[in-house]
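Both counts, for ligands and for their atoms, begin at 1 and track the order of listing. What you see is a predicted model, and the numbers here were worked out from it, not measured in a lab.
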Amino acid sequence: MADPMAEGMPMTRPLLNSALAGMGTTIFAEMSALAVETGSINLGQGFPDTDGPAEIARTAAEAVLAGRGNQYPPGAGVPELRTAVAAHQKRFYGLDLDPETQVLVTAGATEGIAASMLALLEPGDEVIAFEPYYDSYAACIAMAGAVRVPVTLRPPGFRPDLDRLRAAITSRTRLILLNSPHNPTGMVATRDELTAIAGLAVDHDLLVVADEVYEHLVFDGQHIPISTLPGMRERTVTISSGGKTFSFTGWKIGWVTGTRDLVTAVRTAKQFLTYVNGGPFQYAIAAGLALPDTFYADLAARLHRKRDLLADGLRAAGFEVFVPQGTYFITTDIAPLGKTDGLAFCRELPHRCGVVAVPNVVFYDDQAAGRSHVRFAFCKRDEVLADAADRLARLGGR
Ligand code: PMP
Ligand code: GLN
C-alpha cells in the first residue's frame with residue numbers, strides 16, 4: 001500500500017488553511033536569509049546589532065541561575081513585570097493601571113496583536129489599518145476570519161488621511177488597528193490626528209488596538225498613546241514590547257494594557273496560544289522598565305544620530321529619503337535611481353552592492369502605492385551604517 005506520508009502523494013485539498021493562503025515566508029525571513037547567503041550588511045529585518053544594557057542581560061542570567069521563572073510563570077506574567085509596566089505607563093503617560101487586572105504579559109507584541117485580533121473579532125468584522133502595515137496584521141486579521149480594510153498613507157509625510165479613514169468605516173467595522181510610531185514609514189501621529197481618530201472611534205463605537213512598540217524611538221514630535229485621549233480608555237487595547245526599547249528582540253517579552261474587560265478578553269485568547277513565555281526574561285525586562293529617564297533619552301538621541309547618518313548616506317547614493325519622525329527605519333523611493341520595482345530591487349541589491357533592505361510593497365494591498373519604496377533599518381553600529389552608505393554609493397545613482 002502506498003505510504004500516505006511519502007513525498008509526492010497528491011493531497012486532496014490544500015494543506016494550508018485558506019486564511020493563510022499565499023502568505024508564504026515573511027519578507028524579514030527571506031531578506032535575512034539573503035543577507036547571510038551573500039554576506040551582506042543586513043539593513044532589512046529590524047534588529048539592533050548591539051545588545052541592550054548589560055545589567056538587563058545580567059538580571060536575566062541571574063534569574064535563570066536562581067531558578068526565577070524557570071517554571072511556568074503566572075498566566076498574566078510575573079507580578080514584578082506587571083507592576084513595572086503599570087509604573088512605566090504612569091511615569092511616561094500619566095495612566096493609572098491596576099497591575100493585577102489591567103496588564104497582560106505576552107510573547108512579544110506579536111502575540112499581543114494575535115491574541116487581540118482573536119479575542120475581539122467575529123468572522124466578517126472589518127478592521128481598518130493604515131497601510132503600509134506591519135506584516136503580522138494581515139495574517140492575524142485573516143486568522144480571526146475578519147476582513148482588513150486598508151487606508152493608505154502617502155509620501156512624503158505618510159500622514160493619516162482622516163477623510164479616507166472616515167469613508168472606510170461601515171456598519172461592519174469593529175476596530176482600528178493603529179501603529180504609531182509607524183513601521184515602516186516612521187510617521188508619528190500628532191495629537192490632532194489622534195484626536196480625530198479617537199473621535200471617529202467614539203462616534204462609531206469602535207475599538208482601537210494601538211501598537212506602540214516604537215514608543216521610545218521618537219526624534220521629531222512626541223508619542224501620545226491614543227488611550228490617553230477622551231473616551232478612549234474604555235475602547236483601547238495598547239500593545240508594546242521590550243524588544244525595541246531594550247534592544248533584546250530575541251527575548252519576545254511584550255505586554256497588553258487596557259481596562260479589565262479588554263485585558264480579560266485578550267488574556268482568554270492568549271492563554272491558548274502560548275499560555276506563558278520567557279519567565280526569567282520577564283524579571284529582566286521589569287528591571288529595564290525601571291531604568292531612569294536618561295536611559296530612554298539616550299536611546300532616542302543615539303538613534304536620532306544614526307537616522308541622520310543613514311539618511312545622508314542614502315541621499316548621497318541617490319535615493320529619495322522620507323525622513324522618519326520615529327522608529328528605526330527609513331523609507332526611501334528608488335525612482336531617482338531609475339528603478340520602480342522595489343521587490344526586484346531588494347532581491348538584486350545584495351548581489352549588486354552587499355546591502356539588504358526590505359521592499360515596502362509587501363506591506364500594501366494597493367501595490368501601486370508602495371511599489372518603488374524600500375525600507376532600510378538604522379539600528380546598527382555607526383561603522384556598519386557608514387560601510388553600507390559606501391556600498392550603496394557604488395550604485396551610481398548620482
Ligand atoms: N509591531 C510592529 C509595528 C513591529 O515593527 C514589530 C516588530 N518589530 C512588532 C509589532 C513585533 O514586536 P515583538 O518582536 O515584540 O513581537
Ligand atoms: N519588526 C521587525 C521589522 O519590521 C521584524 C520582525 C520580524 O522579523 N517579524 O523589521
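- F158 has its ring centre less than 6.0 Å from the ring centre of F322.
- The distance criterion of under 3.5 Å between nitrogen or oxygen atoms is met by A109 with respect to ligand 1.
- Inspection of the Y133 and N183 side chains reveals no N or O donor paired with an N or O acceptor under 3.5 Å.
- Of all protein heavy atoms, the one closest to atom 8 (N) of ligand 1 is K244 NZ, 2.0 Å.
- Within the cation-pi definition used here (under 6.0 Å to the ring centroid, within 45° of the axis), R307 does not qualify as a partner of F378.
- Near ligand 2, heavy-atom contacts under 4.0 Å come from F28, Q45, G46, Y134, N183, Y214, K244, F329, R375.
- Close approach of ligand 1 to Y214 is summarised as follows: ligand atoms under 4.0 Å from at least one heavy atom of the residue are 3 (C), 4 (C), 5 (O), 8 (N).
- Neither the backbone nor the side chain of E111 has a heavy atom within less than 4.0 Å of ligand 1.
- Close contacts of ligand 1 with N183, meaning ligand atoms under 4.0 Å from a residue heavy atom, involve 3 (C), 4 (C), 5 (O).
- When only non-hydrogen protein atoms are considered, atom 14 (O) of ligand 1 lies nearest to K252 NZ, 3.2 Å.
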Worksheet item: Checking side chain to side chain contact (heavy atoms under 4.5 Å, CB included) for the pair I239/E212: CA distance, chi angles, key distance, verdict?
Response: CA-CA 6 Å; I239 297 173; E212 303 187 351; over 6 Å; no
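- R391 has a carboxylate O that lies under 4.0 Å from a charged side-chain N of D387, or vice versa, which qualifies the two as a salt bridge.
- For F246 and F295, the ring centers are positioned less than 6.0 Å apart.
- A perpendicular orientation is assigned to the rings of F345 and F319, their planes being inclined by more than 60° (bins at 30° and 60°).
- In this structure, H182 has its ring center at least 6.0 angstrom away from the ring center of Y214.
- Counting only residues at least two apart or in different chains, salt bridge (charged side-chain N to carboxylate O under 4.0 Å, His left out) contacts with residues 180-203 comprise R159-E193.
- Both cation-pi conditions hold for K380 and F47: the charged atom is under 6.0 angstrom from the six-membered ring centre and inside a 45 degree cone around its axis.
- Residue T249 has no N or O atom closer than 3.5 Å to an N or O atom of ligand 1.
- Distance from atom 15 (O) of ligand 1 to its nearest protein heavy atom, with residue and atom name: S241 OG, 2.7 Å.
- The ring of F92 has its center no closer than 6.0 angstrom to the ring center of H223.
- By the 3.5 Å distance cut-off applied to N or O atoms, N179 is not counted among the residues near ligand 1.
- Of the options F47, Y134, Y133, the smallest heavy-atom separation from atom 9 (C) of ligand 1 is shown by Y134.
- Nearest protein heavy-atom contact of atom 1 (N) of ligand 1 is D211 OD2, 2.5 Å.
- Across the listed options T106, T110, I253, T110 owns the non-hydrogen atom lying nearest to atom 16 (O) of ligand 1.
- Rounded to the nearest 0.5 angstrom, K270 NZ and S116 OG are separated by 11.0 Å.
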